[in-house]
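Down below is the structure, laid out as structure tokens.
Throughout, protein chains are lettered first and strands after them, A, B, ... in sequence-line order, and every chain is numbered starting at 1. Being a predicted model, the structure only gives us computed values, none of them experimental.
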Amino acid sequence: MTENHTTPQRPELPPSWNPTEVEGELYRSWVDRGYFTADASSDKPPFTIVLPPPNVTGSLHVGHALNHSVMDALTRRRRMQGYEVLWLPGMDHAGIATQNAVERDLAHSGMSRHDLGREKFVERVWEWKAEYGGRILDQMRRLGDGVDWSRERFTMDEGLSQAVQTIFKRLFDDGLIYRAERIINWCPRCQTALSDIEVDHSDDDGELVSIRYGEGENSIVVATTRAETMLGDTAIAVHPSDERYQHLIGTEVEVPLTGRRVPIVADEHVDPEFGTGAVKVTPAHDPNDFEIGQRHGLPNLTIMDGRANITAPGPFEGLDRFEARPAVVAALRDEGRVVAEKRPYVHSVGHCSRCNTVVEPRLSLQWWVRVEPLAKAAGDAVRDGRTTVHPPEMTKRYFDWVDNLHDWCISRQLWWGHRIPVWYGPAGEVVCVGPDEEPPTGEGWYQDEDVLDTWFSSGLWPFSTLGWPAKTDDLAKFYPTSVLSTGYDILFFWVTRMMMFGLYAMDDAQPFDHVYLHGLVRDANGKKMSKSVGNVVDPLEWMDTYGADATRFTLLRGANPGSDLAVAEEWAAGSRSFTTKLWNATRFALSNGATTDRPVPPREELTDADRWILDLLDQLVSDVDEQFEAFQFARVCEALYHFTWDEFCDWYLELSKVQIAEGGARAESTQAVLGHVLDVVLRLLHPLTPFVTETLWTTLTGGESLVIAPWPTTTGAERDAVAAERIDGVKKLVTEIRRFRSEQGIKPSAKVAGKVRGACCVDLADQVPSVRSLTRLTEPGDEFAVTVQLEVALAKGAVKVELDTSGAIDVEAERKRLSKDLAVAEKEFAQTGAKLNNPAFTDKAPADVVAKVQGRRDAAAAEIERVNARLAALPQA
RNA sequence: GGGCGCGUAGCUCAGCGGAAGAGCACUCGGUUUACACCCGAGCGGUCGCAGGUUCGAACCCUGCCGCGCCCA
């Protein structure tokens, strides 16, 4: 190693990278220096991402970690590219989840929210939020999220609440919000209505009971999984063209156990193929039955209360629905009305997405959004290309959704949330109050008790967070936002609602230009993670063990568009190895005088190895850019990993040792190339692994911070094909010699005397010292005695390597090695020969393809000849 | 039932018309002055099955068989 006195000394890197010791402080310094604070008055082009607001009760799970890694990578790259970047963080108030959390706490002290009263309870929730809410925000800091903390928002903030009231009023005045009595999804535990997407369906074991209504030839059999609802039946329905029941249509039957007589109606909706083709109709407890009821003017008979206890007078009154079910079946059985019972009967059952209670369809007066015009606009924005969905396969799913959206139930029977801004008057008046208006006062006036669905406020997020409805500088600068990133399972939650509201509120300007949908994170075997299975990965544990960079890199490396990703601890360990490799490579380069203080010398002064690695680097920059633009994060990672490890570390660093050992100008130019390549690679890696790259880069360059360093661009230099071919030759030659050594059992550290002959004939004369160095060949001395010859076929011809292995070689091992080479060559010769002997191929395939195959056959033929000669020359066993 | 997607090395996945790839795992060797979180060498695949198109198919088309997800 030569000492270089022209290079100022950089602080030395510690021998190993200890992420947990460094990451926190680095992150604080970035925030303190204001790198993540956006400037609305900037002239730079904007790049905006609003964080899909996590739940205030939540903590960072591995799906978040992936999504945040994506958003951080996108924003960090744009920042380096010179954009005015705003990544806006915050949380939503999670109406049901938060209220549940606080109610649970209250229950510990034997209280319910009703004991406190509404006002006090809401106060308590705010206190809860201050104390426990927002754990996830600290976890975001751990991960390195470059968010603008000065713009952090919460859906219940004053400004955002005003946005909610504003849009409610506007929609109300436009006739897009209305109040109606319909069947809604009711959670008997949370005591509130739910929208369709807050209900999770699963196939559960139930029962299918067939019940005979009526007597004799006027009887009719219906099957049901919810026998207890028969107490609320107000009709039987059959398909109008079902011949079996023509004689019954228009007649009446008695509903067993109730004595109530109900009509048999004909309705197109009934599926004659299912069961007996006849269904019981319970309009107040089933959405389909409700519609049948509407069509036929049937009464809606409610037989359960909000707790799902039976209210129908009689022996079942007061029973819970699940107690009532067997009781009703038993009573029917006693009357001889049960025709068949099937258990278990697997069928789809809806559950509350917050507490998993079985949802009860319930007739109820609620507030609704008429989504049709909004959904149409949301579809059009994607159809017109104003918003692009990545990956494109998801676009169809988006259309299917927005084109078939039911009206949205937005009222919730909760206390925590935005209260519906509607007042009712003593004479039946209904007044919607805007944010700048005074609600009506006086005798008999009162406000609607309900609050709005949390999604109603988070649907405004892309613009309410920027100050809307005020015409703020932020809104002007940063809306429409650039990318919305989320898991494809959340497509219908965030994306569609934000699209509908964004287009409506912002004069048809889309809320985001791109929607990126990542896959779900699964365990090592591709299984869904679940707490009960115990295969959940905690990203915080990974960060503790392997560092934030390795955690991020692992997730991004698996992020192939449209597909889920499997991860396991080994993956994270592999990513840590990569950061360690990068660390050691930089440490090596620095200890050998690598520098960015001197420019890379002009090309003609560089070696083939220099030009080769610089050309690869140029290609890398362009690949990384291309893949970033296409949201192909796995490919970005792969390209950088491959370049860094397999090309730069495995070959260039080794070759640079030879060049540095030369000393003088050669050493100096090599140091500049080393410095330059590392500088660029660290920049390219920074969006993925910000911490380790920042540490290495500031040490290497003395720069202020990689966060604000410019993003690399391609040089446009013409690729040096000759240098590339020479380095390929070196790699091939080195690998073949190493292979021989390995198979001969020569220790890697053992020096072997050898000669390389014929290098000049294949244009590799200058590379011989490198080859010797990488294969530990020593100069042949006076006693040099060739014990073995290798011949290595390269692009321009064969190179002969003569070795003195100090004694007999292992003939069998050598025969095995050569036989393998022969088999490969013969297979190649046969395959290429078959092609070339096929006139259809030579006639129809493009000339360059034919020429290529010809070249391969010739090379194979030469190789066969060479290997056969070597085999023949081996001593007989 | 409708839609989307997936079946490629032991595992997880790239490749999507002209020579089968990566990471991890595995085998052998290694105190090589950046790195054992490493280095070197190696093993491992009729690319789900069957047809078709093409000079040529893992890749395009059709059917089938498995698996996953979304919607009803």
- Task: Examine the side chains of A/Tyr641 and A/Asp646 and answer whether a donor and an acceptor come within less than 3.5 Å of each other.
- Result: no
- Query: When you compare B/G52 with B/G66, how far apart are their C1' atoms, in angstrom units rounded to a whole number?
  - Reply: 23 Å
- Task: Just call it for A/Lys581: base, sugar-phosphate, or nothing, with non-hydrogen atoms closer than 4.0 Å on any strand.
- Result: base
- Item | OP1 or OP2 of B/C13 under 4.0 Å from side-chain N/O of A/Asn560 | no
- Measure from the side-chain N and O atoms of A/Ser819 to the backbone N and O of A/Arg815, and report whether any donor-acceptor pair falls under 3.5 Å. yes
- Query: Can you check the A/Tyr641 OH to B/C37 C1' distance for me, whole Å?
  - Reply: 11 Å
- Message: Could you tell me how far apart A/Asn838 (CG) and B/G18 (C1') are, to the nearest whole angstrom?
- Response: 14 Å
- Quiz item: cation-pi between A/Arg817 and A/Phe740, 6.0 Å / 45°: no
- Task: Take atom CD1 of A/Ile746 and atom C1' of B/C39, then tell me their distance rounded to the nearest Å.
- Result: 17 Å
- Message: Would you say NZ of A/Lys852 has more than 12 non-hydrogen atoms from neighbouring residues, nucleotides or ligands within 6.0 angstrom?
- Response: no
- Task: Looking only at non-hydrogen atoms, find the nearest pair between A/Val801 and A/Leu777 and report the distance.
- Result: CG1-CD1, 4.4 Å
- Query: Taking only N and O in the side chain of A/Trp645, is any of them less than 4.0 Å away from OP1 or OP2 of B/C39?
  - Reply: yes
- Can you check whether A/Gln744 reaches A/Thr805 side chain to side chain, under 4.5 Å on heavy atoms? no
List, with names and distances, any nitrogen or oxygen atoms from the protein found under 3.5 Å away from nitrogen or oxygen atoms belonging to nucleotides 40-45 of chain B.
residue : atom : partner  : partner atom : Å
B/A41   : O2'  : A/Ser742 : OG           : 3.2
B/G42   : O3'  : A/Lys820 : NZ           : 3.2
B/C43   : OP1  : A/Lys820 : NZ           : 2.4

- Query: Looking for any heavy atom pair under 4.0 Å, which part of the strands does A/Glu569 touch: base, sugar-phosphate only, or nothing?
  - Reply: nothing
- In terms of side-chain heavy atoms of A/Lys852, which of B/A19, B/C55, B/G3 is nearest? B/A19
- Query: For the pair made of CZ in A/Arg635 and P in B/A22, what is the distance, rounded to whole Å?
  - Reply: 17 Å
- 5'-most contact on RNA chain B (nearest-nucleotide basis), A/Pro561 vs A/Tyr488, goes to A/Pro561
- Residue among A/Leu484, A/Thr486, A/Thr395 satisfying side-chain contact (heavy atoms from CB on, under 4.5 Å) with A/Leu517: A/Thr486
- Residue A/Glu570, side-chain atoms from C-beta onward, closest of B/C55, B/C35, B/C24: B/C24
- Query: Any idea how A/Trp494 and A/Trp455 line up, ring-wise: parallel (<30°), tilted (30 to 60°), or perpendicular (>60°)?
  - Reply: perpendicular
- Distance in angstrom units between A/His642 NE2 and B/A14 C1', rounded: 13 Å
- With a 3.5 Å cut-off and just heavy-atom distances, do the side chain of A/Gln632 and the base of B/A14 make a donor-acceptor pair? no
- Under 3.5 Å, is there a donor-acceptor pair linking the side chains of A/Asp623 and A/Gln627? no
- Query: B/C37 base to A/Arg576 side chain: any donor-acceptor pair below 3.5 Å?
  - Reply: yes
- Item | A/Arg776 CZ - B/G30 C1' separation (whole Å) | 11 Å
- Kindly point out which of B/C4, B/G18, B/C71 is positioned nearest to the side chain of A/Trp401? B/C71
- Task: Look at A/Lys835 and B/A19 and indicate whether a side-chain polar atom (N or O) is within less than 4.0 Å of OP1 or OP2.
- Result: no
- Query: Between A/Thr586 and A/Gln831, who's closer to the 5' end of RNA chain B by nearest nucleotide?
  - Reply: A/Gln831
- Of all the heavy-atom pairs spanning A/Val270 and A/Gly277, show the shortest one and how long it is. CG1-O, 3.4 Å
- Query: So which nucleotide from B/G3, B/C55, B/C37 ends up closest to the side chain of A/Ala845?
  - Reply: B/C55
- Distance, rounded to the nearest Å, where A/Asn525 contributes CG and B/A25 contributes C1': 13 Å
- Give the ring-plane orientation class for A/His518 versus A/Tyr516, where under 30° counts as parallel, over 60° as perpendicular and anything between as tilted. tilted
- Look at the side chain of A/Thr580 and the base of B/C37, then say whether one donor and one acceptor between them are separated by less than 3.5 Å. yes
- What integer number of Å spans the C1' atoms of B/A36 and B/C47? 35 Å
- Task: Please state the P separation for the pair B/A19 and B/C38 - nearest whole angstrom.
- Result: 33 Å
- Counting only Watson-Crick and G-U wobble pairs with both atom distances below 3.5 Å, the stems of 3 or more consecutive pairs that include RNA chain B are B:1-7 with B:65-71, B:10-13 with B:21-24, B:26-30 with B:38-42, B:48-52 with B:60-64
- Item | Within 6.0 angstrom of A/Lys376 NZ, more than 12 heavy atoms from elsewhere | no
- Task: Give one of base, sugar-phosphate or nothing for A/Pro839, where a contact means two heavy atoms less than 4.0 Å apart.
- Result: nothing
- Query: How far does the C1' atom of B/U33 sit from the matching atom of B/C26, given to the nearest Å?
  - Reply: 31 Å
- Query: Taking the same atom, P, in B/C24 and in B/C65, what whole-Å distance lies between them?
  - Reply: 39 Å
- Message: Determine whether A/Leu590 and A/Leu700 satisfy the following criterion, side-chain contact (heavy atoms from CB on, under 4.5 Å), listing intermediate values before the conclusion.
- Response: CA-CA 7 Å; A/Leu590 284 170; A/Leu700 173 71; 3.7 Å; yes
- Residue-phosphate contact under 4.0 Å: A/Ser563 side-chain N/O, B/G5 OP1/OP2: no
- Message: In whole Å, measure the gap between the P atoms of B/A50 and B/A41 for me.
- Response: 37 Å
- Task: Can you figure out which of B/G30, B/C37, B/A34 approaches the side chain of A/Lys747 most closely?
- Result: B/G30
- Message: What's the gap between B/G56 and B/C71 when it is taken at their C1' atoms, as a whole Å value?
- Response: 41 Å
- Give the rounded distance in Å between these two atoms: CG of A/Leu696 and P of B/C35. 16 Å
- Check every strand shown and say whether A/Arg587 touches a base, only sugar-phosphate, or nothing at a heavy-atom separation below 4.0 Å. sugar-phosphate
- B/A34 and B/C28, which share atom name P, separated by this distance in whole Å: 28 Å
- Would you mind classifying the nucleic acid contact of A/Ala585 as base, sugar-phosphate or nothing, using non-hydrogen atoms under 4.0 angstrom? base
